[in-house]
Amino acid sequence: MKKGLLCVLILLVCAGTVFAQGQGARDADRVYNARLAHIDPPTHPHNLASQKFAELVAERTDNRVIIEVYPAGQLGNAPNLMEQVQLGTIEIFQGGIGWWGSSLPDYWLVASNFVFDNLEHSRAVMTGPIGMELSERLLDEIDVRALNQGMVRNPRHLASVKPVRTLEDLRGLNVRVPEMANWMVPWQALGANPTPMALTETY
């Protein structure tokens, strides 16, 4: 009886080992799909970079990790995409790190007007202790990991139906701005009338 029980136990252990090894083999063959979404048009450098990112991930994982890129707000505007990341509906949102100010208000500051002296200044802050602390808080408090926040912020231009040469020319001017609270305040302070507008609604 004891010998029979011992044989059964040995068989169960062996079967468990074989099952575990088989499960490991299946995991090794598994293909993981992740959705990357953003609001920029297909020809925008952000989309081209996203496509290149997907290409490199597939190449370096032997096609075991596939990144599906959805540009031009196909899956929603920026606030909606951030919500989807938090819910797990999509895996990656590619966009300005300042968008996360809606969840972690300190991020509003780093994406606000007139904060940095130049591009080098913004990169030094966002890749230094301040930026690292913000990204750690984003992970701890919001459960979202920032893969990169190097801040490439090019010079901005004001497209207007009338010349704007002085601050006085801004008074009463209707200005479309991103759907970010920190864009409203400086334009209001300058006397303009800012109105939030999704990038996908501009032309």
Side-chain angles (χ1 to χ4, degrees), residues 34-41 44-47 49-50 53 67 69-159 167 170 173-203:
R35 286 147 299 188
L36 184 159
H38 62 80
I39 60 176
D40 296 303
H44 195 282
H46 287 172
N47 187 58
S50 297
F53 172 70
I67 307 292
V69 180
Y70 296 89
Q74 290 180 24
L75 302 185
N77 60 13
N80 183 254
L81 292 177
M82 292 189 299
E83 182 180 359
Q84 290 185 57
V85 168
Q86 292 175 277
L87 293 174
T89 308
I90 64 173
E91 289 70 33
I92 307 172
F93 164 62
Q94 190 282 320
I97 196 68
W99 283 106
W100 290 102
S102 58
S103 299
L104 195 66
D106 283 348
Y107 266 116
W108 286 139
L109 181 63
V110 301
S112 295
N113 298 348
F114 316 118
V115 172
F116 300 113
D117 295 332
N118 49 45
L119 182 58
E120 289 69 28
H121 184 198
S122 69
R123 283 178 173 167
V125 171
M126 295 310 296
T127 59
I130 292 175
M132 293 303 100
E133 180 187 347
L134 284 173
S135 64
E136 288 171 7
R137 287 177 55 198
L138 188 66
L139 181 59
D140 292 341
E141 300 177 27
I142 314 300
D143 201 26
V144 170
R145 184 183 301 276
L147 298 182
N148 181 23
Q149 49 185 22
M151 296 290 288
V152 177
R153 181 65 69 210
N154 297 322
R156 299 304 172 111
H157 302 277
L158 182 66
L167 293 181
L170 290 173
L173 187 69
N174 295 320
V175 181
R176 299 293 189 182
V177 298
E179 302 166 285
M180 301 169 73
N182 60 310
W183 277 78
M184 298 288 291
V185 176
W187 286 106
Q188 289 170 338
L190 293 171
N193 298 318
T195 302
M197 184 178 191
L199 181 62
T200 51
E201 295 178 16
T202 62
Y203 58 91

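When a residue number appears, it is its place in the shown sequence, counting from 1. Computed from a predicted structure; not experimentally measured.
Annotation: side-chain contact (heavy atoms from CB on, under 4.5 Å) contacts of Asn193 (sequence neighbours excluded): Asn174. Applying the side-chain contact (heavy atoms from CB on, under 4.5 Å) criterion to Thr200, with sequence neighbours excluded, gives Ala198. With sequence neighbours excluded, the residues satisfying salt bridge (Lys or Arg N to Asp or Glu O under 4.0 Å) with Glu91 are Arg35. Listed by chain and residue number, nothing satisfies the salt bridge (Lys or Arg N to Asp or Glu O under 4.0 Å) test with Glu120 (two or more places apart in sequence, or in another chain). For Val115, the side-chain contact (heavy atoms from CB on, under 4.5 Å) test picks out Leu109, Ser112, with sequence neighbours left out. When the salt bridge (Lys or Arg N to Asp or Glu O under 4.0 Å) test is applied to Arg145, no partner is found at least two apart in sequence or on another chain. Gln84 is linked by a side chain to side chain donor-acceptor pair (under 3.5 Å) to Asn80, counting only residues two or more places apart in sequence or in another chain. Every side-chain contact (heavy atoms from CB on, under 4.5 Å) that Asn47 has, sequence neighbours left out, goes to His38, Pro42, Gln51, Val69, Pro71.
The stretch residues 125-139 participates, sequence neighbours left out, in these salt bridge (charged side-chain N to carboxylate O under 4.0 Å, His left out) pairs: Asp106-Arg137, Arg137-Glu141. Applying the salt bridge (charged side-chain N to carboxylate O under 4.0 Å, His left out) rule to pairs touching residues 183-200 yields nothing, sequence neighbours excluded. Within the structure, the salt bridge (charged side-chain N to carboxylate O under 4.0 Å, His left out) test picks out no pair touching residues 107-119 (sequence neighbours left out).
Side-chain contact check for Ser102 versus Met82: some heavy-atom pair is nearer than 4.5 Å.
A donor-acceptor pair under 3.5 Å is absent between the side-chain atoms of Glu179 and the main chain of Pro79, judged by distance alone.
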